[in-house]
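Structure first, commentary second.
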Amino acid sequence: MSRGQAARTGGDLVVESLAALGATTVFGEPGQHALGLFDALRRSDLRYVGCRTELSVAFAADGHARATGSVTPFIVSTGPGALGTLPALMESRAAAVPVLAVSSQIPADGLGGRRRGYLHELPDQAASFREVVKSVHVVRTAGQIAPALAEAWELALTAPAGPVLVEIPQDVLLAETGIPAVRELRVAPRPLAPWAELVAAAADLLVRAARPVILAGGGVVRAGAQAALLELAQELDAPVATTFGAKGAFPWEHPLSLQSWLEDRHLTAFLEEADVLLVVGSGLGELSSNYHTMRPRGRVVQIEADLGKLESNHPGLAVHADARLALEELARAVKGARTGRDGAAGRSGAQPGAGSGAQSGAGSGAGSAVRDVLGRVAARLDAQDLALERSLLAAVDRALPERALSFWDMTILAYWAWSAWPRPMESAQGAGGLGYALPAALGAAAATGGPVLAVSGDGGAMYGLAELATLHQHRLDVTWLIVDDGGYGILREYMTDAFGAATGTELARPDFAALAAAFGVPAWRTTPGDLESDLARALRTPGPSVVVLPATLRMFAPTHLAG
C-alpha cells in the first residue's frame, strides 16, 4: 500500500495517544527513522512546530511546558537526533519541567546491541538518557505504544516533575496496525503528600521559633504553592527569600520579602542566623547557598519533592512532599498551634513569642529586619560603579508588558536578573547551558500567543540563530534582545579575575540585525538610552523581532570568595 493512502500505522497510535493524553502542540525535527511519526502528524489535529535543530526542539518543549504547566511532547529521530536533545533534557530535569521526548529507534531486530549496522545505530541509545531523564520506556510492539506513552506522561507529571523518554523502532512506527484508534487515555499522577507527624513537628518548631525565616525554591513555583507560602509567611511573620529559580513565588515588594539577593553576604548571614530556617522546594545547592558558603546555625526544616535532595547539603527535619500540599498542611497546623498557644498564653498572662500574622510584616520586627538587610544590600551595590547594569535591567522591566513571559540565557544581564529582577522569569540556571532563551521563548509563544521576551548574549545567541527561521515561518510573537559584547562576557570576567587575563572568550560574530533581516525578521540596533523605548516598541509589534544592544556589562562584586 502506498504511503499516500490512509492506512493506520504505529505512527498513528503515537499521535492519537498524545492527543488523548491532552497534547495540543508537538515540537520536532524530522529524520529518516521518524518519518512514520511525521506522516501520521498530517492525519492528526495536533499543531506541529518544527525547529531547526534537535537542541532547540527540546528547549522549545521546555518553554512550552513551563508556560502551560503541563506535559509537552517533542519528536525526533534516532542517534544524532535523539542525542542532540540531551543538554535541553538536562535543563528540564534540573528545573522539574514535564517534557515527553519521543524518539524513533533503529528497526526492532537491531535492538539489544546486535550491531546490524543500521544508520544511526547505537549499542544502547536508551543508556545515554537514563541518568538525564526521569524514566526511559523502550517500545518493541505496536500494542505497547499507548500504554508506554501514558505511563511516561504520568511519570512526567508526578512530583518531582521532569522529562521522560519513549523510544519506538522505525519498523513499528511504519507497520500497519489493526489496533483501534486511541480516543481516551487516563493518567493519575500520584500526589506526594507529607507525613502528618512531620508536619506537626515542623509546625511546632516554627511556632516556637523567635526568628523563623523561609527560603523558597523553584519547587514552590512548579507546584503552584504561592498562595500557601504567602499564608504561612504572614501567619509566622517570617521573612521570605526566593532562590533564582523561584521568581514569582512570593510578592517582591511584600514587607516580608527578602527578594533574591542570594549572592550577597548580608542575606546569607541573615539566613544563617535564623533559629528555624524553612527551606521549601530547594536542595540548597550551589546557587541557592551563595556557593555553599551558607552555614545555618539554627534548625533546618526542608520540604522537597526530590528525595535525593533531602538533607543532601544540610541536616534537618526532612519532609518528602510536594511543596503545595506540604505548605497548605503546614499553614493549617501552624494556625492551629498558634491559636492554642496564644489562648494558653492569654490565660496565663504570658506574651506570645512570635509575631502576629495579622501584622503581615508591615510594622513587625521581621519587617524591620527585612528592611535592614535590603538596605545593606543596596548600600553595597551603591558603592560600586554599576549604574549602567542597573539602569538596563530596569529599562527591560519597564518595557516588558505586565504578564508577558521572559526567558533568559546564561549571560551577564541574566545573572543580574537572578538577583534583581522583580517578576517571574525563566532561565537555564538549572543545568547552566547556552542556547536556551530563544527556543524556549518560541515554545512559550506557541502556548500563549505572546508577546514573549528572550534575552541572550552574543555568545548564547549563536546557538539559536537558526530558530529565526522558525519564528518567521510560524509568525511567533517573540522579541529577542541580544546584548552584544563581543565574547563570552561572564567567562571573560571570571578568567580575568582568576588569572589576570582571559583566553578563548573573544568571538567574531555577525551583524545580528542584518542577519535577522535576512530571515525576514525585523531588527534594529539600540543604545542604553533608547533600550526601553525600542524594546517596548518591538514587544508591541505582533510577530518576531530582534533588538541588538552593543554593551559591555559587569557583575557586582562577589561576596562568597571572602565569605
Side-chain angles (χ1 to χ4, degrees), residues 24-25 27 47 49 51 56-72 74 88 91-92 95-99 161 218 220-224 226 242-252 260 393-411 413-414 416-418 420-430 435-456 460-461 464 467-468 470-471 474-483 532 535-547:
T24 59
T25 302
F27 297 87
R47 178 189 184 188
V49 178
C51 297
S56 291
V57 165
F59 274 147
D62 178 290
H64 189 278
R66 295 192 197 208
T68 62
S70 188
V71 179
T72 296
F74 70 76
E91 172 61 36
S92 299
V97 179
V99 169
V220 173
V221 176
R222 299 286 172 253
Q226 294 93 328
T242 54
T243 68
F244 305 146
K247 291 304 185 74
F250 196 75
W252 188 258
S260 298
L393 194 62
V396 176
D397 180 36
R398 291 191 298 268
L400 188 65
E402 183 178 354
R403 298 188 181 277
L405 300 177
S406 63
F407 293 79
W408 303 66
D409 245 326
M410 302 292 283
T411 186
L413 194 61
W416 268 95
W418 289 355
W421 186 252
R423 60 166 90 185
M425 61 177 286
E426 303 292 347
S427 76
Q429 54 115 348
Y436 171 78
L438 183 63
L442 75 84
T448 67
V452 178
L453 174 67
V455 181
S456 299
E467 301 316 321
L468 289 169
T470 304
L471 293 180
H474 295 279
R475 303 307 302 165
L476 294 169
D477 194 2
V478 174
T479 293
W480 193 13
L481 172 62
I482 301 174
V483 183
E532 181 180 346
L535 190 59
R537 174 160 55 100
L539 287 160
R540 286 195 304 268
T541 304
S545 58
V546 172
V547 177

On a heavy-atom basis, the closest approach of Gly218 and Ala246 is N-CB, 3.7 Å
Closest non-hydrogen atoms of Ala61 and Thr72, given as atom of the first, atom of the second and distance, are O-CB, 3.6 Å
Practice item. Find out whether Pro544 and Leu476 are in side-chain contact, i.e. whether some heavy atom of one side chain is under 4.5 Å from a heavy atom of the other. Key: no
Across all chains, not counting sequence neighbours, the side chain to side chain contact (heavy atoms under 4.5 Å, CB included) partners of Arg423 are Asp397, Leu400, Trp421
request  = Using a 4.5 Å cut-off on heavy atoms from C-beta on, say whether the side chain of Leu442 contacts that of Phe27.
outcome  = yes
On a heavy-atom basis, the closest approach of Ala441 and Val478 is O-CG2, 3.7 Å
Across all chains, not counting sequence neighbours, the salt bridge (charged side-chain N to carboxylate O under 4.0 Å, His left out) partners of Arg47 are none
Contacts of Ser56 meeting side chain to side chain donor-acceptor pair (under 3.5 Å) (sequence neighbours excluded), chain-then-number -> Thr53, Glu467
Correct closest heavy-atom pair for Leu393 and Ala420 would be CD2-CB, 3.6 Å
Taken in chain and number order and not counting sequence neighbours, the residues that satisfy ring pair (Phe, Tyr, Trp, His ring centres under 6.0 Å) with Trp416 are Phe556
Tightest non-hydrogen contact, residues Pro451 and Leu539, listed as CB-O, 3.7 Å
Taken in chain and number order and not counting sequence neighbours, the residues that satisfy salt bridge (charged side-chain N to carboxylate O under 4.0 Å, His left out) with Glu426 are Arg66, Arg222
So OG of Ser70 and NE2 of His64: to nearest 0.5 Å the spacing works out to 9.5 Å
Here the pair of heavy atoms bringing Gly245 nearest to Val221 is O-CG2, 4.5 Å
Side chain to side chain contact (heavy atoms under 4.5 Å, CB included) filter on Thr24, not counting sequence neighbours, yields none
When rounded to the nearest 0.5 Å, the distance separating OG1 of Thr470 from CG of Leu438 is 8.5 Å
Taken in chain and number order and not counting sequence neighbours, the residues that satisfy side chain to side chain contact (heavy atoms under 4.5 Å, CB included) with Ala461 are Ser456, Trp480, Ile482, Phe512
So Met425 and Phe244, side-chain contact (heavy atoms from CB on, under 4.5 Å) or not? Walk me through it. CA-CA 9 Å; Met425 61 177 286; Phe244 305 146; over 6 Å; no
Applying ring pair (Phe, Tyr, Trp, His ring centres under 6.0 Å) to Phe407 and not counting sequence neighbours gives none
Across all chains, not counting sequence neighbours, the side chain to side chain donor-acceptor pair (under 3.5 Å) partners of Ser406 are Trp408
Contacts of Tyr436 meeting ring pair (Phe, Tyr, Trp, His ring centres under 6.0 Å) (sequence neighbours excluded), chain-then-number -> Phe59
By side chain to side chain donor-acceptor pair (under 3.5 Å), Gln226 pairs with (sequence neighbours left out) none
Between the CG atom in Leu453 and the CG atom in Asp477, the distance rounded to the nearest 0.5 Å is 11.0 Å
Applying side chain to side chain contact (heavy atoms under 4.5 Å, CB included) to Ala536 and not counting sequence neighbours gives Ala399, Arg540
